[in-house]
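Quick notes on the structure that follows.
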Protein chains: 2
Amino acid sequence: MQSIPKEKISMASEGLRAISHELRLSVLCHLLNGSMCVAELIEATGASQSNLSQHLAKMRLMGILNNEKRGQQVYYRIANPAFAELVEALQKIYCPEMCNFVLTEDALEER
Amino acid sequence: MQSIPKEKISMASEGLRAISHELRLSVLCHLLNGSMCVAELIEATGASQSNLSQHLAKMRLMGILNNEKRGQQVYYRIANPAFAELVEALQKIYCPEMCNFVLTEDALEER
DNA sequence: AAGATATATTATCATTTGATAATATAATGG
DNA sequence: CCATTATATTATCAAATGATAATATATCTT
């Protein structure tokens with residue numbers, strides 16, 4: 001029988017843990033539709049500025065997101081398509097009725 | 001724009017958190033191939049008896065696994081196919097070369 | 001009934017995680 | 001340059017998580 005390499009399990013669980021936080025997952029879901037700046041994410045998620053900023057930093061450090069400064073604002077987007085896929089797999093399970101709407105063509109392109 | 005219902009996010013993140021632990025994920029991966037008793041899982045994962053037992057209990061309480069006593073042993077299996085799907089999505093990302101082997105026909109049936 | 005084996009439960013403790021509040025940095029408009 | 005706006009960073013503290021060790025329970029064998 002094939003056994004799963006311990007290192008892969010470790011990496012995968014790290015990846016999962018990164019997106020298993022309610023706020024971080026929420027951010028990811030919103031970013032499926034394309035990039036957003038911090039202020040928009042604050043508005044969308046209801047998180048405090050400081051709290052959100054820290055979670056964004058964490059996701060950036062993990063390679064899940066990347067960001068780009070445009071003037072005063074910083075725009076975040078999903079850096080690693082694998083995480084977009086994961087979130088989509090999740091959505092299929094937890095809110096299947098929504099998948100078709102969230103992933104518009106535009107979103108897929110801009111992402 | 002569609003926004004994701006807060007409650008769904010909460011449920012999804014809870015589900016993710018449940019499988020984002022290295023040992024729990026390892027158990028799930030092994031159970032993709034069909035049910036196993038605790039002793040086999042101890043052997044397969046290298047965890048201590050007590051530690052594994054607690055994680056199994058947690059997964060059972062969350063509806064991820066269920067168990068069946070056969071004589072002295074307790075056999076665990078994946079109760080909710082959604083979690084099997086999630087783990088497979090994960091595997092596609094983290095060890096794509098392995099997916100075809102892990103999911104044999106037999107395994108799919110017994111599961 | 002008395003070990004022996006398989007698994008579960010409980011208590012305890014260290015570590016990690018996450019939220020808040022406060023402060024810092026950087027860009028813009030006047 | 002100064003004030004304002006947007007975002008990041010740091011310190012601090014409470015809560016959650018997880019590992020270990022010890023003990024309990026249930027089943028089997030003899």
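Letters A, B, ... are given to chains in the order of the sequence lines, protein chains preceding strands, and every chain is numbered from 1. Please read these numbers as outputs of a predicted model, since none were measured by experiment.
In this structure, B:Lys69 atom NZ and C:dT5 atom C1' are separated by 11 Å, rounded to whole Å. D:dT5 atom P lies 18 Å from atom CD of A:Glu40, rounded to whole Å. Summarising the geometry, the separation between CG on B:Leu61 and P on C:dT9 is reported as 8 Å, rounded to the nearest angstrom. The nearest whole Å value for the distance from the CG atom in B:Leu52 to the P atom in C:dA6 is 14 Å. For the pair B:Glu14 CD and D:dA16 C1', the computed distance is 14 Å after rounding to whole Å. Rounded to an integer number of Å, the gap from CG of A:Leu23 to C1' of C:dG18 is 10 Å. To the nearest angstrom, C1' of C:dT7 lies 14 Å from CG of B:Asn51. Nucleotide C:dT7 holds its C1' atom 15 Å from the CD atom of B:Glu68, rounded to whole Å.
Side-chain contact, A:Ser10 with A:Glu14: no donor N or O sits under 3.5 Å from an acceptor N or O. Counted by atom type alone, B:Glu22 and B:Ser26 present zero donor-acceptor pairs between their side chains at under 3.5 Å.
Put simply, A:His55 has a side-chain N or O that comes within less than 4.0 Å of OP1 or OP2 on C:dA19. Dashed line: the shortest gap from a side-chain N or O of B:His21 to OP1 or OP2 of D:dA19 is under 4.0 Å. An OP1 or OP2 oxygen of C:dT17 is reached within less than 4.0 angstrom by no side-chain nitrogen or oxygen of A:Lys58. Side-chain N/O atoms of B:Arg17 include one lying less than 4.0 angstrom from OP1 or OP2 on D:dT17. Between B:Arg70 and the phosphate of D:dT27, there is no side-chain N or O to OP1/OP2 separation shorter than 4.0 Å. Contact between the side-chain N/O atoms of A:Arg24 and the OP1/OP2 oxygens of C:dG18 is found at a separation under 4.0 Å. Here B:Tyr76 does not reach the OP1 or OP2 of C:dA6: none of its side-chain N or O atoms lies under 4.0 Å away.
Side-chain atoms of B:Ser53 stay outside donor-acceptor range of the base of C:dT9, with no qualifying N/O pair under 3.5 Å. A donor-acceptor contact under 3.5 Å is not formed by the side chain of A:Gln49 with the base of D:dA6. One can find a donor-acceptor pair under 3.5 Å joining the base of C:dT9 and the side-chain atoms of B:Ser50.
Comparing A:Gln54 and A:Gln72 by the nucleotide of DNA chain D whose heavy atom lies nearest to each, the residue mapping closer to the 5' end is A:Gln72. When the nearest nucleotides of DNA chain C are assigned to A:Ser48 and A:Gly71 by heavy-atom distance, the more 5′-ward of the two goes with A:Ser48.
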* Asked: Which is it for B:Val74 and B:Glu68 under the side chain to side chain contact (heavy atoms under 4.5 Å, CB included) test, yes or no, and what are the steps along the way?
  -> CA-CA 6 Å; B:Val74 179; B:Glu68 178 194 359; over 6 Å; no

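By the 6.0 Å contact criterion, CD on A:Glu43 is open, its count of non-hydrogen atoms from other residues, nucleotides or ligands being 12 or less.
Atom CE in B:Met36 sits 9.5 Å away from atom OH in B:Tyr75 (nearest 0.5 Å). Atom-to-atom distance recorded for B:Ile93:CD1 and A:Met11:CE is 10.5 Å, nearest 0.5 angstrom.
Within 4.0 Å of B:Gln73, counting heavy atoms only, lie sugar-phosphate atoms of the nucleic acid but no base atom.
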